[in-house]
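Residue numbers run from 1 in the order of the sequence given.
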Amino acid sequence: MNKDLYQSVFGNIFLSTKVYDHVHQSHADKYPLRYDDIVDVGWMIKYGHVGLLREKIKNNSHLYVKPKDLFSIVAKKDTQIFIYLFERYKYYALSSYDVLMKWMLQTMVNNDVIKYLFQNGYAREIDDETVSLLDSDLVAWLLEFGHIEPSQQVVNELALNRRAKETRERQEKSALNNALLLDINKPTFKVPLDTEIWLSWQDQGEEMFFKMWDSLSSRIRVTDDLIYFHISRDLTDEEDDDDLEYDANVLNIAQHILEAACKIGSVKVIEFIVKKGYFLEVDSMISEHSHDFFKKLINKTLSRDEYKIIEKLTSVHIKKRDQDQDDYQDEDEDEDDYDYQFEGFIDKFEFLQACCQYGDAEKFNYFYTRFKIYLDLEYDGAQLFRDCLESGNNHMIRVLYSHNLFFHPQDKEVFLSLISQFSLGYLLEDVERTIAKDNSVYPTLLCRAIQCNDLFGVKYIFSKHKFDSLDFKIILQISSCQNLAIIDYINKNKSLCFTGQGLANKDDLFHGISLPRLSKLCTSNLPLAEYLIRENCYDISKLTPKQLPFVQLFFGNDHTITKLYGFRQMVYLFDHNNYSSIDPFINLLVSDSENWLKYFEYIYRNQHKFQSKPSFQSILDHIVANLNEQQNSRNQVQESKNQVDALLHKYGCVLNDGQHEHLVQHNNQSSLES
């Protein structure tokens, strides 16, 4: 496609909107999103609409990004987009920052993103375990800029050496196993007791397993609960099972074979050993390795034979082993001849769940028609919907609907709980069924859509029902809403959302977010409070003298902070108020035992956000001057010393002679008291 033509079309809001609306019409049966409905950043990146995201960023459109998405798929996709979104939605991103930062470090999502965050005041202490997981380039950078102690370099080097050693061991083991596989047919072939050769075949595929079995079958004996294998010679008819059990040169290889089969999703190998007569732990091994097994099985292209094998393994009847014949029941045999009966080695419902979790409609369609009579649709149907949504395979919802699978009427609460986590757009048929049965459910649906930050769901509800007013539960969700596109839509489309009676109360459309609640929003949801003030939703002049300071603090200029808020509120203050210095709230910063280092680091890295360069020396002077006046616990005194140490070694402060002498005297006094 001509790049200039593409940019000229999609750079034009009118034309691009028309294009997306046309796409909506052609895909209306899949997911009914229009251009203006698309604000979820995670959704856009996941489904490849990065160009759309860039356009919306360029147009300064309202967007919504979950903190988890921001620090995972956004950070992994594009560093510059991450920086823009982090800075724009910093208040929400910082709510779970510490946990997500540790996760980013441990999974090495994007080193450039980590460097940006550390360079701009969001550094966090890194424990030795996390350091050991980092790559050497990032460790070198963290050391260079003082974010980790030099002593931790040893930890990292040890970790690198350990990983290199583990890699060498794996390579050596693989080479050894490959050599063993080449030597199988030699008469003198002997398996070392410490070599897991019956696991090694998985790297080369199931055909290698069958080659090994054919070559070594004279050394193997299968029972219903064991698979005996002699490491150096053929087995004889004279040896019974007791002889083999106590022979030091005989191994039980059943679990190794099953583990390897599960890890590559090989139903052929599982069927093979079942046919040979082993079955006791097959279901438990599949259960133990279910994640690998189902992931591999669902994600590979199956042959017609494999489809048939899965059908058999999900509904199996086993008889006691007959030495001279396979013990896997054929379809034309009478199951009454079998002593052992199982529901199946592979659980039918788990298999269908895996189809939903990994998004395979073809396999679901094939097996659902064969398994549905065994399901408890009243319960299992709801779980399948949840599996589709939680895995992000929303296209599978249409597959479920095509089989007339819906939430059972008595699962209304489960359904309502689900739509508080996922968009109504994925579950429209169930939403419409719910509305048809209970017309009073609109407020609950609206409440859940707002709770889910679901702009499409909010628009859908308002398109079906106009409200006289918003009840307390809805207002409560609005107060904590992180998707300002929802607030903006309600604010700017009042005639679409409210009845004539509601519009008559135009000064109270956000009933409940009254002026008293607005002052609380200034500490619980600052971006929302900022939006409401900027859009003139409230007359600030009506605030009482008691309420006014809360609002002025965050939206005035250079107001003194008399109370310490959380880290993200303080960052908001530093970013928005352009304080002349940090002196008015030094005492508050150093008194926060949990966050003082975070404040120091943020202020140090963002000195340009103050009218004059902050003086860390004044923080040191304050701590030293007040050291004797503290009538606090020993822990608090030690914390003050830790702050002094950080200021001296990390933030360029120095002690004058008097301060040095003062600290020495205080240390001596503390030693005598202890």
Side-chain angles (χ1 to χ4, degrees), residues 24-25 28-34 36-37 39-40 377-386 388-389 394 397-398 400-481 483 485-513:
H24 154 72
Q25 292 298 329
D29 63 327
K30 294 182 179 179
Y31 189 68
L33 280 179
R34 295 182 182 275
D36 291 336
D37 299 334
V39 297
D40 190 323
L377 296 181
E378 185 173 313
Y379 170 80
D380 294 339
Q383 184 57 49
L384 291 175
F385 277 88
R386 185 177 291 277
C388 296
L389 293 168
N394 305 312
I397 298 292
R398 307 305 308 176
L400 299 184
Y401 283 150
S402 72
H403 291 285
N404 291 317
L405 277 169
F406 300 94
F407 276 84
H408 193 271
Q410 73 180 45
D411 285 329
K412 177 181 174 182
E413 290 305 315
V414 175
F415 172 66
L416 292 176
S417 172
L418 201 61
I419 62 172
S420 66
Q421 304 171 55
F422 304 101
S423 173
L424 266 65
Y426 303 130
L427 299 162
L428 274 185
E429 292 189 31
D430 271 296
V431 170
E432 290 171 353
R433 283 160 56 91
T434 301
I435 292 172
K437 293 172 183 175
D438 182 6
N439 198 45
S440 67
V441 78
Y442 283 114
T444 302
L445 290 175
L446 180 60
C447 187
R448 299 302 172 89
I450 296 171
Q451 183 180 354
C452 185
N453 292 291
D454 175 18
L455 174 62
F456 170 82
V458 169
K459 287 185 174 183
Y460 174 82
I461 296 303
F462 281 126
S463 72
K464 297 290 184 180
H465 179 78
K466 290 186 177 183
F467 290 74
D468 292 331
S469 63
L470 303 179
D471 65 30
F472 176 75
K473 289 182 178 179
I474 296 174
I475 290 300
L476 202 60
Q477 292 302 329
I478 287 177
S479 299
S480 58
C481 181
N483 187 350
I486 291 176
I487 310 302
D488 192 58
Y489 177 79
I490 297 173
N491 183 44
K492 294 178 179 177
N493 294 276
K494 298 182 180 70
S495 62
L496 300 178
C497 302
F498 298 98
T499 62
Q501 179 182 340
L503 290 172
N505 299 323
K506 62 180 182 179
D507 294 331
D508 200 25
L509 289 179
F510 289 103
H511 171 70
I513 308 186

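Residues Ile419 and Asp454 have side chains not in contact (no heavy-atom distance under 4.5 Å, counting atoms from C-beta outward). Using a 4.5 Å heavy-atom threshold, the side chains of Tyr460 and Leu428 count as touching. Ile461 places a side-chain heavy atom less than 4.5 Å from the side chain of Phe467. At a threshold of 4.5 Å between non-hydrogen side-chain atoms, the residues Phe462 and Asn493 do not count as touching. Contact check for Tyr426 versus Phe456: no side-chain heavy atoms found under the 4.5 Å cut-off. At a threshold of 4.5 Å between non-hydrogen side-chain atoms, the residues Phe406 and Leu427 do not count as touching.
Annotation: ring pair (Phe, Tyr, Trp, His ring centres under 6.0 Å) contacts of Tyr442 (sequence neighbours excluded): His465. The side chain to side chain donor-acceptor pair (under 3.5 Å) test applied to Ser463 returns no partner, not counting sequence neighbours. The salt bridge (Lys or Arg N to Asp or Glu O under 4.0 Å) search around Glu429 returns Arg398, not counting sequence neighbours.
Note that CD1 of Ile435 and NZ of Lys464 are 7.0 Å apart. Values are rounded to the nearest 0.5 Å. Atom CG of Leu445 sits about 9.5 Å away from atom OG of Ser440, to the nearest 0.5 Å.
In this structure, Lys459 contributes its side chain and Ile486 its backbone to no donor-acceptor pair below 3.5 Å.
Closest non-hydrogen pair, Cys447 versus Lys473, comes out as SG-O, 3.6 Å.
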